[in-house]
Every structure is written in structure tokens, then in C-alpha cells.
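Notes to accompany the following structure.
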There are 2 protein chains.
Amino acid sequence: MDVNLVAAVRRFNRTVTQRVGALDDRYMARGRPLAQARLLWEIGPGGAEVAALRSRLGLDSGYLSRLLRTLEGDGLVTVGPADRAGGDGRVRVAALTGAGLAEWSELDRRSDEFARSVLAPLPGRRRERLVAAMAEVERLLVASLVVIGPCPPGDPRARACVRAYAREVGRRFDGGFDPAVSSPVHDEELVPPAGVFLLASLNGEPVGCGAVKLHAGAPAEIKRVWVSDSVRGLGVGRRMLDELERYAAERGWAAVRLDTNRALTEAIAMYRSAGYQEVEPFNTEPYAHHWFEKLLAP
Amino acid sequence: MDVNLVAAVRRFNRTVTQRVGALDDRYMARGRPLAQARLLWEIGPGGAEVAALRSRLGLDSGYLSRLLRTLEGDGLVTVGPADRAGGDGRVRVAALTGAGLAEWSELDRRSDEFARSVLAPLPGRRRERLVAAMAEVERLLVASLVVIGPCPPGDPRARACVRAYAREVGRRFDGGFDPAVSSPVHDEELVPPAGVFLLASLNGEPVGCGAVKLHAGAPAEIKRVWVSDSVRGLGVGRRMLDELERYAAERGWAAVRLDTNRALTEAIAMYRSAGYQEVEPFNTEPYAHHWFEKLLAP
DNA sequence: GGGATTGCCTGACTAAAGTCAGGCACATGG
DNA sequence: CCATGTGCCTGACTTTAGTCAGGCAATCCC
């Protein structure tokens with residue numbers, strides 16, 4: 001990887017995280033310990049479950065409990081049982097009191113003020129360029145936060161991805177898409193050792209999927225490669241494809257293949273650029289127009 | 001200010017400083033307290049004076065001393081008197097030992113690795129776009145770190161700016177620039193109550209200057225407005241002008257004026273866009289081609 | 001040369017952050 | 001309905017970060 005690019009990223013990290021980050025903290029914690037301020041902020045006007053707070057802030061259970069007790073003692077927060085009927089009686093939710101809400105608004109105001117202080121010294125044009133550049137950095141950084149890993153096909157997140165996939169395909173195919181007509185894929189085929197289902201997640205939210213079936217005595221077959229709109233163009237599809245190929249290659253398969261619909265033009269371009277060759281139809285999938293195959297390096 | 005811009009900056013701050021910043025810290029501090037790791041890093045292979053470390057890291061004198069003692073105890077650092085002949089016998093320099101250098105290299109390697117991990121998931125094109133956007137964000141953020149404040153004209157930083165100003169003017173004027181020919185400005189004229197000299201600094205380094213003389217019974221006169229190349233285009237000149245005008249207005253002056261050379265085209269454009277009107281020559285400055293005046297709001 | 005200043009150090013603190021073990025109440029799956 | 005697990009809590013700790021006052025030696029400025 002180009003050394004100049006790496007150096008530029010390092011410079012950016014240094015400038016931005018140290019200076020802006022540190023300043024941001026000072027703005028947040030108004031006399032209050034930073035951890036408390038962050039917690040108060042994270043609870044927010046709508047309240048939050050204690051478990052959610054723990055995972056969002058990455059805090060130890062005991063430490064969080066103590067922080068909540070302190071805020072409760074200051075009259076900013078109330079912690080009580082979740083009042084959802086039929087809910088788990090163990091989970092507790094934290095909510096802001098009137099005073100807590102006032103405090104939260106103050107934090108919100110300060111956060112706003114800080115953002116303004118970043119923009120204020122710039123002339124109008126540059127302001128817009130800064131914001132545009134920030135949006136681009138943010139969007140592209142997201143790519144490094146997407147993690148791809150195996151997931152049972154029955155998992156709700158996996159199901160959500162497959163549904164999103166079907167919805168999109170239904171919207172884009174000329175004559176719509178009827179899952180009953182397409183050749184079916186059963187969950188058992190996507191569980192090791194028969195195959196695998198991979199999920200791409202961003203901060204725990206599913207943003208893409210892909211699967212491979214390891215057919216005995218035939219090339220492995222890639223299915224259901226899908227990437228959410230929110231992260232399209234960030235190379236997630238390509239990484240998914242790489243992972244699926246790697247899975248097959250590591251288990252001894254020498255080739256993978258897949259079929260696709262002519263409406264999915266970006267997908268087709270990606271397959272070609274990833275080294276897939278168009279081949280004669282190898283199945284009778286009614287929605288397919290193109291069939292691809294790629295030989296895997298051993 | 002546009003609410004959308006503010007919201008975008010806040011989103012950026014949140015994503016970048018919290019996620020990237022936190023990760024960066026984890027990468028840095030390998031088992032060692034973060035403050036120690038940062039200090040080790042800041043000392044660097046070339047060593048550093050203790051005073052410099054204190055100001056760069058913003059640490060309390062006692063705390064820094066203790067940190068150095070700890071690193072010394074771990075055999076990573078040696079602290080000794082500065083060995084420059086004729087140097088101040090009180091200043092001490094910290095230097096890395098062999099083990100310290102190894103540790104430093106490891107930190108460097110990790111920092112590199114982290115930068116790579118940000119770039120790695122992206123396809124090549126996007127990688128370059130990310131780096132370009134980062135560079136733009138960094139550059140434009142710098143504007144918010146520039147502070148403008150009064151400074152005695154005899155201060156070495158002020159002198160450095162005035163020298164840089166004269167150098168640049170000498171380079172750009174058709175026939176060069178000879179300070180002896182130009183109408184002189186004496187330090188006393190730029191000290192309250194006669195006038196003021198303002199310095200623009202970025203992290204303590206001078207990056208621009210400007211001065212105003214409060215003539216009795218005449219418009220105040222703006223002199224020596226200069227901005228370093230490194231921060232040009234970020235609105236620093238305009239801010240400097242605003243501050244100088246404010247200074248004069250607050251003390252009861254109703255107008256400011258200035259003269260300038262035709263070679264300084266951006267400056268002339270800035271004066272016009274800031275509301276300055278071209279007027280007849282009000283002095284006999286040999287290097288001036290344009291004279292401007294602006295009425296100040298009371 | 002003597003008083004004030006500066007650079008660095010030590011001792012004596014405090015507050016914040018974070019860890020760990022255990023305990024109670026509720027939930028869940030046989 | 002019992003064993004096991006989960007969510008939250010408390011008590012008892014440690015480590016890290018940071019502050020403040022004072023002190024010594026070198027230096028600077030009359």
C-alpha cells in the first residue's frame with residue numbers, strides 16, 4: 001500500500017482525533033466527570049435500557065451501575081423496571097428526570113456550539129467544502145467498520161438481509177421476482193459443512209450477506225450476495241465475494257460459480273472485475289441470464 | 001448558520017473522534033498507560049527537551065517529571081542535561097535508550113498498521129478519495145485552531161511575521177521592496193493606546209499578523225496585514241481585518257484606511273469584499289498604488 | 001552580587017476510571 | 001419445580017490521571 005496514503009491517514013488521525021476529540025470532551029464534561037456526561041448523553045430524552053447503555057459505551061456492568069447511582073443521587077436520572085407489559089422483569093431502563101433533561105439539552109447545545117466553532121472561522125464557500133469533505137471521510141471510514149463473519153441462516157439478522165435481497169431483486173427484475181419460482185435454497189445447505197452463510201455488519205447492524213454451497217463433485221455455488229444501499233460503493237460486495245471464495249478454496253474446492261440476472265449490472269461488473277468468466281448455463285434458474293465461473297488459486 | 005452544516009459536523013465528530021480516536025488509543029497503549037505511551041512517542045528517536053514535551057502534551061510539570069521517572073525506571077528513557085555547549089544548564093533533555101527505541105518503533109508500526117486497516121477495506125479509487133477528503137478536512141479544520149490576539153511588536157514571533165511580510169512583499173513588488181524607502185512604522189505606534197499589533201497563531205506558531213494605528217483626529221490606519229502561505233485561503237486574513245476594525249471601532253474611531261501595492265491582488269480583492277472603498281491617496285507611501293477606506297459601524 | 005525568575009524535581013494529595021468477586025431476583029428449558 | 005443462566009447491583013479493591021505547594025539549582029536583570 002502506498003506509503004504516502006498511510007502517512008496522510010496518520011496525519012489525519014493525529015490532527016483530528018487529538019485536537020478535535022480532546023476539545024469535544026472538554027465541551028461535553030461541564031464540571032462533571034466525562035463518563036457521567038457521556039452516560040447522560042447516551043440515555044437521551046427517550047431513555048434507554050441499562051444493557052443497551054452498557055454495550056454502547058463499552059462499560060463494565062459494575063461501573064455503569066455505580067455511574068447510574070451517582071446520576072440518580074444528583075436527581076438527573078431515574079432507573080426503574082421496564083414497563084413494557086410482558087417484558088423481562090430483570091431489565092431496567094434509565095430515563096431522564098426534568099433536571100436531567102435540562103442537563104441533556106445543555107450538552108446538546110454545547111455540542112452544537114462546538115460544531116459552530118469549527119465552521120465559524122471559515123468563509124461560506126469553505127464551510128460547505130469542509131462539510132462535504134467530512135461527509136466523504138465519514139462515509140468512507142465506515143468501510144473499515146464493516147465486519148464480515150459467518151452467521152446461521154436462521155438468525156433474524158440473516159433473515160432480514162435475505163428479505164431485503166428479495167425485495168430489491170423484486171424491484172429491479174423486469175417481471176418482478178417470485179421466490180416460489182426461483183430454485184429454492186434451504187437453510188441446511190448454508191450450514192457447515194454443506195456451505196456457509198456470511199453476514200456483513202456495521203456496529204452490529206446487518207448491512208450485507210452472501211452464501212456459498214459446497215456441492216460434492218462440482219464447483220461451489222455462490223448465492224445471495226447482497227449489500228445494503230447504505231454501504232454500497234465501499235467495497236463490501238467485493239470483500240464478501242473474497243471471503244466466500246476463500247471459504248470454498250480452504251475446503252478444497254477448485255472453482256466457484258454463480259448465476260445472475262441481467263438487471264444487476266453493477267454485480268455483473270463486479271464479478272467480471274473479480275476474475276469471473278462467463279460460462280454456459282449450468283442450471284435452469286428461471287431468473288438467471290448470466291452464468292459465471294472462477295477458478296480458485298489453490 | 002445552516003443547521004444542516006452543524007448537524008453534519010456533529011455527526012463527523014461523533015463518528016471520527018469516538019470510533020477512530022478510541023481505537024487509535026487502544027492501538028497506542030500496548031499494556032502501558034496511555035500517557036506514558038504518548039510521552040514515549042513524543043520523545044521520539046531524536047530526543048526532546050523536557051519543556052518542549054510539557055508544552056506539546058499539555059502536562060503539569062510535576063506529572064511529566066513523574067512520568068519520565070517511570071519510563072526511566074523501566075529503562076526506556078534517559079534524562080540528562082542538555083549537552084549543547086553554552087546552553088541553559090537548567091534545561092534537561094529526554095532521550096530513548098535502545099529498549100525505548102524498540103518500543104517507539106513498535107508504536108510507530110502499530111500506528112502505521114492502524115492507518116492501513118482504515119484503507120485496506122476500500123478499493124483503490126476510494127482509497128485515494130478518502131485520503132484526499134482527509135487532507136481537505138485537516139486543512140480546513142486548521143482554521144478553527146488559529147487564534148488571533150494582541151502581541152507586543154517587539155516579540156520575536158511578531159518580528160518573524162514582519163520579516164516574512166517584508167520578504168514576501170520584496171518578492172512580489174515589481175521593483176523589490178526596501179524598508180528604508182517605505183514610510184517607517186515604529187513599535188511605539190503599535191502599542192496601546194497608540195495602536196495595536198495582532199498576531200495569528202496556530203498551536204503557538206505565528207502564522208499571520210496585522211496592526212492598526214489610532215491617529216488622533218483622523219481615520220485609524222491598518223498596516224502589515226500578512227498571512228502565512230500555510231494557512232492562506234482559510235479566512236485568516238479576513239478575521240484579522242475584522243479584529244483590527246473592531247479594535248478601532250471600540251475605541252471610538254469611525255473609519256479605518258489603508259494603502260496597498262497593486263501586486264497584492266488577493267489582498268485588494270479581500271479589502272473590496274470586506275466593504276472597503278477606494279479613495280484618493282491620503283499619504284505619500286512610495287510603494288502604494290491603491291488607497292482604501294471603510295466606515296465602521298458604531 | 002543579590003533578588004527575582006525559570007526549569008525541573010519531590011512529596012502529598014484527590015478524583016476519576018476501571019476491575020473483580022459475589023449476591024439477589026427473575027427467567028428459561030427441561 | 002429445579003438447575004442453570006442472565007441482568008443488575010454492591011463492596012472492596014487498583015491503577016491512572018492530575019493538582020498543588022514547596023524546594024533546589026541555574027540564570028537573568030539590574
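Every value quoted in this text rests on a predicted model; they were computed, and no experiment measured them. Reminder, nothing fancy here: chain letters follow the sequence lines and each chain counts from 1.
Distance CG (A:Leu57) to P (C:dA16): 18 Å, rounded to an integer number of Å. C:dG7 atom C1' lies 13 Å from atom CG of B:Leu68, rounded to whole Å. The nearest whole Å value for the distance from the OH atom in B:Tyr63 to the C1' atom in D:dA21 is 19 Å. Atom CG of A:Leu34 is separated from atom P of C:dA15 by 18 Å (rounded to the nearest Å). Atom pair B:Arg32:CZ and D:dA17:P shows a separation of 12 Å (rounding to whole Å applied). Note: CD (B:Glu72) to C1' (C:dT10) measures 14 Å, nearest angstrom.
Considering A:Arg110, A:Arg109, A:Arg116 as possible partners of A:Glu113, the one that fulfils the salt bridge (Lys or Arg N to Asp or Glu O under 4.0 Å) test is A:Arg109.
Between the side chain of B:Arg66 and the base of C:dG11, a donor-acceptor pair under 3.5 Å is found. A donor and an acceptor atom sit less than 3.5 Å apart, one in the side chain of B:Arg90 and one in the base of C:dT6.
In this structure, B:Arg69 reaches the sugar-phosphate backbone alone: every heavy-atom distance under 4.0 Å involves primed, P, OP1 or OP2 atoms, never a base. Contacts of B:Leu64 with the nucleic acid, taken as non-hydrogen atoms under 4.0 Å apart, are absent.
Candidate nucleotides D:dA17, D:dT19, D:dC9 were compared by shortest atom distance to the side chain of B:Asp60, and D:dT19 ranks first. Among the nucleotides C:dA16, C:dC9, D:dC9, the one closest to any side-chain atom of B:Val79 is C:dC9. With C:dG18, D:dA17, D:dC20 as the choices, the nucleotide that has an atom nearest any side-chain atom of A:Leu59 turns out to be C:dG18.
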Residues B:Leu199, B:Ile148; criterion side chain to side chain contact (heavy atoms under 4.5 Å, CB included); working and verdict: CA-CA 6 Å; B:Leu199 189 72; B:Ile148 294 179; over 6 Å; no
Please walk me through it: do B:Arg32 and B:Leu76 pass side chain to side chain contact (heavy atoms under 4.5 Å, CB included)? CA-CA 12 Å; B:Arg32 187 182 307 286; B:Leu76 300 172; 3.6 Å; yes
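Side-chain nitrogen and oxygen atoms of A:Arg54 include at least one within less than 4.0 Å of the OP1 or OP2 phosphate oxygen of D:dC8. Distances shown here put a side-chain N or O of B:Arg92 below 4.0 Å from the OP1 or OP2 atom of C:dC9.
Using a 30° and 60° split on the angle between ring planes, A:Phe12 and B:Phe12 fall in the perpendicular class, above 60°.
Annotation: of the two residues near DNA chain D, B:Leu67 and B:Gly62, the 5′-most nearest-nucleotide partner is B:Leu67.
Looking only at distances, a side-chain donor or acceptor of B:Glu72 sits under 3.5 Å from a matching main-chain atom of B:Val79.
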